[in-house]
2 protein chains.
Amino acid sequence: MSARAIPVEPLAEEETLSLGERAYRRLRDGIVQGTLRPGSRISERSMANALGISAQPVREALRRLEQDGMVVTLPRRGTVVAEIGPERLAELGRIRAALEGVAAALAAERMAGEDLAELARIVRGMRTATAAADTEALAELNERFHAILQGATGNLFLVKSLEALRAYDDLGRLRALGSTPKDMPKALREHVSILAALKARDPALAEARMRHHVLRSLTTNGVLAAPRQGR
Amino acid sequence: MSARAIPVEPLAEEETLSLGERAYRRLRDGIVQGTLRPGSRISERSMANALGISAQPVREALRRLEQDGMVVTLPRRGTVVAEIGPERLAELGRIRAALEGVAAALAAERMAGEDLAELARIVRGMRTATAAADTEALAELNERFHAILQGATGNLFLVKSLEALRAYDDLGRLRALGSTPKDMPKALREHVSILAALKARDPALAEARMRHHVLRSLTTNGVLAAPRQGR
DNA sequence: CATGGACAACTGCTATAGCAGCTGGCAGGG
DNA sequence: CCCTGCCAGCTGCTATAGCAGTTGTCCATG
């Protein structure tokens with residue numbers, strides 16, 4: 001009975017999501033937040049009654065996490081949390097930069113006019129939030145900006161992959177300091193330039209700018225080291 | 001009993017893989033090969049006894065396919081095969097090109113010497129296979145080349161994502177003609193140049209060349225149209 | 001004829017039970 | 001003391017049963 005030692009709390013009935021989905025997010029957050037440390041073993045049964053649910057949803061979540069590269073399970077042996085060191089985190093950041101770049105390129109080609117208008121509204125909000133140094137609102141707007149852009153591509157694979165990568169990004173943000181203090185004007189200029197490329201329907205330009213934006217953001221957050229990364 | 005109409009044959013005991021894994025691959029192949037057409041509904045139970053197995057492995061496979069963007073399920077409503085038109089296929093190709101590019105960049109930094117030697121061996125084999133016009137051996141070598149390169153990155157997320165994307169690639173290859181007839185020398189030159197960039201430990205160069213290689217390959221296969229794609 | 005409501009037949013989702021394989025320790029023979 | 005084989009206790013994995021929503025049909029009612 002080592003179930004008591006498992007650093008996970010039972011699932012509340014928070015929302016209307018399926019137990020499998022909730023277990024997935026819970027475990028994912030547990031991994032990126034470090035409460036489930038790399039190398040630690042996760043038993044389907046133990047984790048199940050630690051969460052107060054059955055074993056299937058847990059197993060389902062573990063299979064999805066395995067596809068995300070967060071855990072690795074040896075058949076009939078056990079499931080362990082994968083190692084996510086700083087270098088691995090940097091890799092994932094570069095991957096995310098590349099994918100967001102492709103998303104921007106696709107969006108530049110397909111994006112509807114109303115979505116562009118919505119992005120323009122968001123950027124406008126960013127400008128005021130930057131002036132007011134409202135980091136919280138800025139984070140919210142930033143998330144919406146990327147979400148709309150990715151959603152505009154209509155590509156499920158892209159959206160799902162970036163969603164998974166975003167979880168890792170939170171991990172990087174936790175290990176480094178909190179949110180970025182004084183690069184907000186820089187981020188604002190980058191968003192403006194990205195929007196301009198989107199409006200101009202220039203895929204290559206949008207991709208380059210988006211990629212640079214993500215890489216720069218990761219660099220100032222300490223996830224990436226040298227400023228000469230990935231071109 | 002509409003189970004008889006489901007275009008899937010029962011699972012043989014082919015290998016030692018789990019039923020969930022086998023169902024995942026079977027369904028994935030069924031989708032990319034067109035036997036499970038877009039828009040068609042997939043019932044867990046029906047598919048289960050069509051495959052001669054229980055419902056859980058099928059459900060498990062469906063959840064993974066959903067994360068790949070191949071199916072979309074409405075809670076308590078049903079699961080349907082997602083639409084994968086030519087334009088979506090082109091998008092996925094560009095995504096794959098970007099990811100393989102990042103993989104090449106990472107490999108250029110981290111790759112061990114013995115892996116480089118193995119790649120050199122493979123490229124040497126490609127040279128003779130190209131001279132002999134042995135398309136089958138060439139496809140095999142090509143697969144090994146990319147597999148070793150991706151494996152050298154040691155990044156699970158990258159490997160898993162590219163594995164899923166490769167399935168879509170097969171779909172594109174099916175819709176277009178068969179394997180490439182006369183661009184083999186071009187592919188050989190590209191592999192040689194990629195290997196050179198890897199040996200030189202030049203991440204940016206390796207990435208650019210790999211990305212160009214994949215995009216060019218997709219273009220000659222008819223998956224991509226204009227030669228001015230993605231930079 | 002139109003309309004509304006109940007019922008049957010689905011669906012995805014969850015829980016329980018039990019299988020087969022692996023591991024580690026403990027006893028018994030060398 | 002060391003080695004070997006057994007065995008209990010794990011593990012992931014699969015099957016069965018049943019839950020709870022959704023949908024479509026069919027009959028009764030206005």
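Remember, it's a predicted structure, so these values are computed and weren't measured experimentally.
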Of the listed D:dC13, C:dC13, D:dT11, the closest approach to the A:Arg59 side chain comes from D:dC13
To the nearest angstrom, the CD1-P distance between A:Ile42 and D:dC10 comes to 18 Å
B:Thr79 side-chain N/O to C:dG12 phosphate OP1/OP2 under 4.0 Å | yes
To the nearest Å, give me how far apart CG (A:Asn49) and P (D:dC10) are.
-> 12 Å
Do the charged groups of B:Glu91 and B:Arg88 touch, with an N to O distance under 4.0 Å?
-> yes
side-chain N/O B:Ser46 vs C:dT11 OP1/OP2, d < 4.0 Å = yes
Report yes if a donor N or O on one partner sits less than 3.5 Å from an acceptor N or O on the other, where the partners are the side chain of A:Gln56 and the base of D:dT14; otherwise report no.
-> yes
Would you kindly compare B:Pro57 and B:Arg45 by the position of their nearest DNA chain D nucleotide and give the one closer to the 5′ end?
-> B:Pro57
Side-chain N or O of A:Ser43 less than 4.0 angstrom from OP1 or OP2 on D:dT11?
-> yes
Shortest side-chain distance from B:Arg77, nucleotide among C:dC13, D:dT23, D:dC13 | D:dT23
Side chain to side chain contact (heavy atoms under 4.5 Å, CB included) test vs B:Ile194 passes for just one of B:Glu100, B:His146, B:His213, namely B:His213
Got a donor-acceptor pair under 3.5 Å from the side chain of B:Arg76 to the base of C:dG12?
-> yes
Whole-Å distance between D:dC13 C1' and A:Glu60 CD?
-> 14 Å
With nearest nucleotides of DNA chain C determined for A:Pro75 and A:Gly20 from heavy-atom distances, which residue corresponds to the more 5′ nucleotide?
-> A:Gly20
Ion pair check, A:Arg121 and A:Glu118, cut-off under 4.0 Å = yes
Closest listed nucleotide, where the reference is the side chain of B:Leu19 and the choices are D:dT23, C:dA15, D:dT14 | D:dT14
A:Arg63 side chain: which of D:dA15, D:dC13, C:dC13 is closest?
-> D:dC13
With the side chain counted from C-beta on, respond yes when B:Asp115 and B:Arg110 share a heavy-atom pair under 4.5 Å apart, and no when they do not.
-> no
